[in-house]
**Q** 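Attaching a single structure in structure tokens format; questions to follow.
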Amino acid sequence: SKKPIRVAITGAAGNIGYALLFRIASGQMFGPDQPVALNLIEIEPGMNALRGVAMELDDCAFPLLTEIVQTSDLNVGFKDVNWALLVGSVPRKQGMERADLLGINGKIFVGQGKAINDNAAADVRILVVGNPCNTNCLIAQKHAPKIPAERWFAMTRLDENRAKTQLAQKASVPVKDIANLCVWGNHSPTMFPDFYNAKISGKPALDVIGDETWLKDTFVPKVGKRGAEIIAARGASSAASAANAVVDTVVSLTTKTAPSEFHSVCVLSSGEYGVPEGIITSLPIKSDGEKWEVVKGVQLTDYAKEQIAKSNQELLDEREMALAAL
Ligand code: NAX
């Protein structure tokens with residue numbers, strides 16, 4: 001029988017954790033024949049709730065779930081993990097400056113980076129979800145010298161999925177007919193969902209929608225502010241859709257991407273498309289099932305380049321603030 005894939009999830013007792021764990025344990029992340037072991041990591045105040053979540057996992061009797069580890073000790077939590085999903089982080093509270101938030105989380109992600117470096121399996125891959133996810137990912141990566149830089153990811157797939165649905169609804173087509181929707185930049189309201197390269201039923205989205213003003217002035221801000229819209233309606237932030245995007249991201253990185261498709265993943269930039277080097281920024285990515293690469297030859301309009309540059313400038317500023325606060 002197959003060796004289980006060991007997955008660490010931080011913030012496992014939180015909202016996203018509650019929507020995510022059951023999907024991993026049921027086989028939706030690594031497939032119906034792949035056993036999984038879950039290393040659930042929480043801070044001390046979350047450990048009680050975590051015990052409850054673990055009991056529920058037990059009560060699902062998932063055939064693929066071989067083991068559940070519950071811990072607040074990072075060295076235990078990241079021991080031998082093949083994937084680390086870093087979901088927990090400290091949310092921004094009223095009166096907290098952006099720099100404070102970057103500083104607090106920066107310190108947390110230094111510790112997590114070191115613990116992953118020292119304990120994880122040789123093939124570990126890391127996806128950061130906890131915000132500010134791009135900069136948190138960069139800080140952790142910088143503190144894990146043993147782990148190749150291409151194993152670090154941050155999540156913009158929820159933004160991609162949101163953008164696809166907005167285009168599908170506008171064009172009155174099923175969402176499966178939308179392709180090549182790359183979100184560029186930071187996972188923040190400055191990200192740019194590139195509608196110019198998006199395809200609707202194989203045709204350029206711009207031709208099908210026929211309204212560039214709507215795309216620029218309604219679609220882009222709608223995607224950027226979708227998180228806030230969900231909070232206003234639900235009284236809590238996106239959880240099931242965020243967990244779904246985590247599953248989608250890992251599936252996209254571990255299976256072969258369809259020939260002309262690509263997906264949005266934040267990776268360490270090495271200067272592709274004129275993006276500054278050394279930031280974790282969202283780019284169009286495809287995978288052969290093992291290795292991923294940045295898709296080449298995507299044409300960017302001047303407007304797109306301007307928007308992407310603004311979002312990447314925000315990442316440079318975040319990096320500076322986070323490093324200054326360490
Ligand atoms: P919750 O507050 O429900 O859960 C977070 C959990 O993390 C809590 O149980 C808390 O005890 C735990 N935690 C905090 N610090 C920790 C640490 N240092 N180590 C381990 N656990 C820790 O938040 P939830 O709704 O689950 O969201 C989690 C994170 O995802 C937030 O930072 C949120 O901003 C971010 N999001 C990122 C998205 C993305 O697309 N990249 C979208 C959804 C979400 O907003």
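When a ligand or atom number is given, it counts from 1 through the structure's own listing order. Because the structure is a prediction, the values reported are computed rather than measured.
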**Q** What part of His187, side chain from CB on, backbone N/CA/C/O, both or neither, has a heavy atom under 4.0 Å from ligand 1?
**A**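 Within the 4.0 Å criterion, His187 contacts ligand 1 through side-chain atoms alone.
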
**Q** Suppose we measure from atom 4 (O) of ligand 1 to each protein heavy atom; which comes out shortest, and what is that distance?
**A**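 The protein heavy atom lying closest is Gly14 CA, 3.2 Å.
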
**Q** Measuring from the heavy atoms of Gly46, does anything fall under 4.0 Å of ligand 1?
**A** no

**Q** What residue and heavy atom of the protein are closest to atom 20 (C) of ligand 1, and at what distance?
**A** Gly11 N, 3.7 Å

**Q** Taking N or O atoms only and a 3.5 Å limit, does Val90 qualify as a polar contact for ligand 1?
**A**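 No, since none of the N or O atoms of Val90 sits under 3.5 Å from an N or O of ligand 1.
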
**Q** Under 4.0 Å from ligand 1, counting heavy atoms only, is it the side chain of Cys133, its backbone, both or neither?
**A**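 The part of Cys133 near ligand 1 is the side chain, not the backbone.
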
**Q** Once the angle between the rings of Trp83 and Phe30 is folded into 0 to 90°, is it parallel (under 30°), tilted (30 to 60°) or perpendicular (over 60°)?
**A**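 Tilted.
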
**Q** Is there any N or O on Thr10 that sits under 3.5 Å from an N or O of ligand 1?
**A**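 N/O-N/O distance below 3.5 Å does not exist for this pair.
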
**Q** If hydrogens are left out, which of Ala245, Ala12, Pro132, Gly88 has an atom nearest to atom 13 (N) of ligand 1, that is, the closest non-hydrogen atom?
**A**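 Minimum heavy-atom distance to atom 13 (N) of ligand 1 goes to Gly88.
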
**Q** Return yes when Ile108 approaches ligand 1 closer than 4.0 angstrom through a heavy atom, no otherwise.
**A**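 So Ile108 counts as touching ligand 1.
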
**Q** Are the side chain of Tyr273 and the backbone N or O of Gly297 linked by a donor-acceptor pair below 3.5 Å?
**A**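 Pair found, side chain donor or acceptor close to backbone of Gly297.
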
**Q** Considering only protein heavy atoms, which is closest to atom 37 (C) of ligand 1, and at what distance to one decimal place?
**A**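 Minimum-distance protein heavy atom for atom 37 (C) of ligand 1 reads Val129 O, 3.0 Å.
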
**Q** For atom 43 (C) of ligand 1, what is the nearest protein heavy atom, given as residue, atom name and distance?
**A**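 For this ligand atom, the closest protein heavy atom is Ala242 CB, 3.6 Å.
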
**Q** May I ask you to identify, for Gln112, whether its side chain, its backbone, both or neither come under 4.0 Å of ligand 1 on a heavy-atom basis?
**A** side chain

**Q** With a 4.5 Å cut-off on side-chain heavy atoms, are Arg6 and Glu67 touching?
**A**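 They are in side-chain contact.
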
**Q** Among protein heavy atoms, which lies nearest atom 9 (O) of ligand 1, and at what distance?
**A** Glu42 OE2, 2.5 Å

**Q** Do Leu40 and Leu57 touch side chain to side chain, with heavy atoms closer than 4.5 Å?
**A** yes

**Q** Is there a donor in the side chain of Asn131 and an acceptor in the side chain of Arg92, or the other way round, less than 3.5 Å apart?
**A** no

**Q** For atom 34 (O) of ligand 1, what is the nearest protein heavy atom, given as residue, atom name and distance?
**A** Asn131 ND2, 2.8 Å

**Q** Would you mind running through ligand 1 and noting each atom that sits below 4.0 Å from a heavy atom of Val87?
**A** 28 (C), 29 (C), 30 (O)

**Q** Any atoms of ligand 1 less than 4.0 Å from a non-hydrogen atom of Asn15? List them with their elements.
**A** 1 (P), 3 (O), 4 (O), 24 (P), 25 (O), 26 (O)

**Q** Looking only at non-hydrogen atoms, find the nearest pair between Ala144 and Trp152 and report the distance.
**A**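 For Ala144 and Trp152, the tightest heavy-atom pair comes out as CB-CZ2, 3.5 Å.
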
**Q** Would you say atom 11 (O) of ligand 1 touches the protein, meaning some protein heavy atom is under 4.0 Å from it?
**A** yes

**Q** Output yes when a side-chain donor or acceptor of Thr156 lies under 3.5 Å from a complementary backbone atom of Asp159, and no otherwise.
**A** no

**Q** For the residue pair Phe22 and Tyr18, categorise the inter-ring angle as parallel (less than 30°), tilted (30 to 60°) or perpendicular (more than 60°).
**A**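 Phe22 vs Tyr18 ring planes: perpendicular.
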
**Q** With no hydrogens and no angle check, just 3.5 Å: does a side-chain donor-acceptor pair link Thr165 and Arg226?
**A**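 Note: Thr165 and Arg226 side chains miss the donor-acceptor criterion.
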
**Q** With a 4.0 Å cut-off on heavy atoms, does Ser237 reach ligand 1?
**A**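 For ligand 1, residue contact (heavy atoms, under 4.0 Å) with Ser237 is present.
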
**Q** Any idea which protein heavy atom is nearest atom 17 (C) of ligand 1, and the distance to it?
**A** Ile43 CG2, 3.5 Å

**Q** Quick one: is the NZ or CZ of Lys216 closer than 6.0 Å to the six-membered ring centre of Tyr303, and within 45° of its axis?
**A**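 Yes; both conditions hold, so Lys216 lies above the ring face of Tyr303.
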
**Q** Under the side-chain hydrogen bond (donor to acceptor under 3.5 Å, both in side chains) rule, what do Asn186 and Glu318 come out as? Steps first, then yes or no, please.
**A** CA-CA 10 Å; Asn186 194 5; Glu318 282 188 11; 3.0 Å; yes

**Q** Using side-chain contact (heavy atoms from CB on, under 4.5 Å) as the criterion, point out the one residue from Thr71, Leu50, Val53 that pairs with Glu42.
**A**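 Among the candidates, only Leu50 passes.
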
**Q** Check Ile9, Ile5, Val81 against Leu38 for a side-chain contact (heavy atoms from CB on, under 4.5 Å) and give me the one that passes.
**A** Ile9

**Q** Just one of Glu160, Met29, Met155 clears the side-chain contact (heavy atoms from CB on, under 4.5 Å) bar with Thr249, so which one?
**A** Met155

**Q** For ligand 1, does Leu158 get within less than 4.0 Å through its side chain, its backbone, both, or neither, judged by non-hydrogen atoms?
**A** side chain

**Q** Numbering the atoms of ligand 1 from 1, which are under 4.0 Å from a heavy atom of Gly130?
**A** 29 (C), 30 (O), 32 (O)

**Q** What is the nearest protein non-hydrogen atom to atom 31 (C) of ligand 1, stated with its residue, atom name and distance?
**A** Ser89 OG, 3.9 Å

**Q** What's the verdict on salt bridge (Lys or Arg N to Asp or Glu O under 4.0 Å) for Glu229 and Lys222, showing C-alpha distance, side-chain angles and the deciding distance?
**A** CA-CA 9 Å; Glu229 197 185 346; Lys222 174 102 180 167; 3.5 Å; yes

**Q** For ligand 1, is Gly227 a contact, meaning one of its heavy atoms is under 4.0 Å away?
**A** no

**Q** Can an N or O of Ser238 be found at a distance shorter than 3.5 Å from an N or O of ligand 1?
**A** no

**Q** Below 3.5 Å, N or O to N or O, backbone or side chain included: is there any such pair between Ile16 and ligand 1?
**A** yes

